[in-house]
Amino acid sequence: MKEERPILGIPLGDAAGIGPELVAKLAAKGVLSEHSCPVIIGDERLLIKGIEIAGVSFEYKRITHPEDIVSGEGILLLDTESLDTEGLRLSEVSASNGKEEADNLVRTMDWCKEGYLEGFCFAPLNKAAMKLGGYEYESEHELFADKLGVAHLPHGEMNVLEDLWTSRVTSHIPLSEVSRNITVERVMDAITLANDTLRRGGFTNPRIVIAAINPHGGDSGTCGREEIDVLEPAVRLAAENGIRVDGPFPSDTVFLKAFKGDYDAVVTMYHDQGQIAMKLKGFQKGITVAAGQPYAITTPAHGTAYDIAGKGIADTGAFEAAFRLCARMALSDRENKRK
Ligand SMILES: NC(=O)C1=CN([C@@H]2O[C@H](COP(=O)(O)OP(=O)(O)OC[C@H]3O[C@@H](n4cnc5c(N)ncnc54)[C@H](O)[C@@H]3O)[C@@H](O)[C@H]2O)C=CC1
Ligand SMILES: NCC(=O)COP(=O)(O)O
C-alpha cells in the first residue's frame, strides 16, 4: 500500500539559533513521524548538538544520498556534512553558518525538484547570516522563487494563525521605502497570492480584506492618499477579476474583524503591520508559509532567538503548527496532481 504520509524535508536552519534543538524536541515527541516520513537535512554534528541541548533521545537512520530516502523507514537524517566547526558556536551571526543554512535550502529544493521530497518545513534561518554568506536576496522567499522558477509569478511570505492568513505588499525592506513600493500592481500581486494560496488550501471563495496604510485609512485623503490613489483602484480591479475583497479598512481595527471570523485573509502593507497583530494573538502558534511556490514550504513565524539558543527552553508550538500545515499542504498538492 502506498505510504499516505508525505515525505518532508526538515532543514536544521541556522546553526547558532534554536532550530536544531527544536527539531530534536519535535522528533522525540513523535510529531515528525506522526505527520510525515521525515527527512532531517543538515550536518549530523549539529543534530547531535540539538539533541544534547534539548535533553531528548530518539532513533534515526543516517543517510548521505537522497537516493537512500525510503518512505516508512522511521526518521532519516540526510547528513550534508556541511558545517564549518566554527558554526557550532551559538548565538552569533556568521557568514559560514549563513552559507551553510542557505546551501542546505538549495539542496533541499533540488531534492524536491528531483522527486525525493514533497515539501519541507525549515528550522529558522537567520537572514543577516544568509546575506553575509553570499546569498544577496531580500529574504529566503526570493531565493525560493529564483531557484524554483516562479520569480515572475506572485510569490512571497504569508503568515498563518489558525484560520487567519495574511499576505504582504512589501516585506523585508526598510520602513522608509514602504510607501513608494505600494503600487496597484504590487497590491494586486498580494491579493492574488492570498486568493490563490487559500484556494490551494481548500477555501472555495476566500474572503479577503485590505488593511489601509495611513491613520484612519487616510481620513478622506487628508492624512495620506495611498488609499484613494492605490488601494481602492486595486480593490476594484480585484473585484472585476472575480476576487472577493473588501477594504481598505483602517489597520488598527481591521484585525478585530478578521479575528472575529469576518475574513479569511488580510492583505497588509508592510511586515510589522500584520506580524504585530498575529504574534500578539498567538506567538506560540504562528506559521510562515512560502506562498506561490510549487512545493509545500513552511517554517515557524519566530526566528533564531539567539537570546535563548542553547538553553533548551525554546517553545515548540509554532514549529509544530508549521509542520502540521506543511504536511497538509503536501497532501493537498498530491491530491491536486492526481485530479
Ligand atoms: N522561521 C524563520 O526562518 C524566521 C527567521 N527569522 C530570523 O530570525 C532572526 C532573529 O529575528 P528576531 O526578530 O529577533 O525574532 P525571534 O523570533 O528570533 O526572537 C524574538 C523574541 O522571541 C523569543 N522567541 C523566539 N522564538 C521562541 C520560541 N520558540 N520559544 C520561546 N521564545 C521565543 C526570542 O527569545 C526573542 O526574545 C532574524 O535574522 C530573522 O530574519 C525571523 C522570523 C522567522
Ligand atoms: N523565514 C521566515 C521568516 O522570515 C518569517 O519571519 P518574518 O521575518 O517575516 O517575521
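Being a predicted model, the structure only gives us computed values, none of them experimental. We count ligands from 1, going down the list as the structure has it; atoms in each ligand are counted the same way. Hydrogens, waters and symmetry mates play no part in the numbers below; they use all other heavy atoms, side chains included.
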Novice: Indicate yes or no: does an N/O atom of Thr299 lie under 3.5 Å from an N/O atom of ligand 2?
Specialist: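 N/O-N/O distance below 3.5 Å does not exist for this pair.
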Novice: Name the closest protein heavy atom to atom 30 (N) of ligand 1, giving the residue it belongs to and the distance to 0.1 Å.
Specialist: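 For atom 30 (N) of ligand 1, the nearest protein heavy atom is Asp315 N, 2.9 Å.
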Novice: Tyr137 and Phe144: aromatic ring centres closer than 6.0 Å?
Specialist: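 When the ring centroids of Tyr137 and Phe144 are compared, they turn out to be at least 6.0 Å apart.
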Novice: To which of Leu125, Ile18, Ile313, Thr298 does the heavy atom nearest atom 7 (C) of ligand 1 belong?
Specialist: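 The residue whose heavy atom sits nearest atom 7 (C) of ligand 1 is Leu125.
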Novice: Examine the proximity of ligand 1 to Phe122 and report which part, side chain or backbone, both or neither, has a heavy atom under 4.0 Å away.
Specialist: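 Contact part for Phe122 vs ligand 1: side chain (C-beta onward).
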Novice: Heavy-atom pairs closer than 4.0 Å: do any link ligand 2 to the side chain of Met278, the backbone, both, or neither?
Specialist: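 The answer is neither.
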Novice: What residue and atom, counting heavy atoms only, is the protein's closest point to atom 17 (O) of ligand 1, and at what distance?
Specialist: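 That would be Gly303 N, 2.7 Å.
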Novice: Which ligand 1 atoms are under 4.0 Å away from a heavy-atom of Pro300?
Specialist: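 Answer, ordered by atom number: 1 (N), 2 (C), 44 (C).
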Novice: How does Ala301 reach ligand 1, by side chain, by backbone, by both or by neither, if only non-hydrogen atoms under 4.0 Å count?
Specialist: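 Only the backbone of Ala301 comes within reach of ligand 1.
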Novice: State whether a side-chain donor-acceptor pair under 3.5 Å links Arg168 with Asn159.
Specialist: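 Their side chains do contain a donor-acceptor pair, which is all the 3.5 Å distance test asks for.
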Novice: At under 4.0 Å between heavy atoms, which part of Arg168 makes contact with ligand 2: side chain, backbone, both or neither?
Specialist: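 Just the side chain.
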Novice: Identify, for atom 19 (O) of ligand 1, the protein heavy atom at the shortest distance, and state residue, atom and that distance.
Specialist: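 So the nearest neighbour among protein heavy atoms is Ala305 CA, 4.2 Å.
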Novice: In this structure, are over 12 heavy atoms from other groups packed under 6.0 Å from His216 atom NE2?
Specialist: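 At most 12 heavy atoms, drawn from other residues, nucleotides or ligands, come within 6.0 Å of this atom.
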Novice: If you scan the protein for heavy atoms around atom 11 (O) of ligand 1, do you find one that is closer than 4.0 Å?
Specialist: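 It does not: no protein heavy atom is found less than 4.0 Å away from atom 11 (O) of ligand 1.
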Novice: Taking everything shown except Asp163 itself, do over 12 heavy atoms lie less than 6.0 Å from its CG?
Specialist: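 No, not enclosed.
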Novice: Within 4.0 Å of atom 21 (C) of ligand 1 (strictly less), any protein heavy atom?
Specialist: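 No.
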Novice: Taking heavy atoms and a distance under 4.0 Å, where does Ile308 meet ligand 1: side chain, backbone, both or neither?
Specialist: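 Near ligand 1, Ile308 shows its side chain, while the N, CA, C and O stay back.
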Novice: If only side-chain N and O atoms count, and only distance matters, is there a donor-acceptor pair under 3.5 Å linking Glu138 with Ser171?
Specialist: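 Looking only at side-chain atoms, Glu138 and Ser171 do not form any donor-acceptor pair under 3.5 Å.
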Novice: When you check the gap from the basic side-chain N to the acidic O, do Glu320 and Arg324 get nearer than 4.0 Å?
Specialist: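 A salt bridge links Glu320 with Arg324.
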Novice: Among all protein non-hydrogen atoms, which one is nearest to atom 37 (O) of ligand 1, and what is the separation to 0.1 Å?
Specialist: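 Of every protein heavy atom, Asp307 OD2, 2.8 Å lies nearest to atom 37 (O) of ligand 1.
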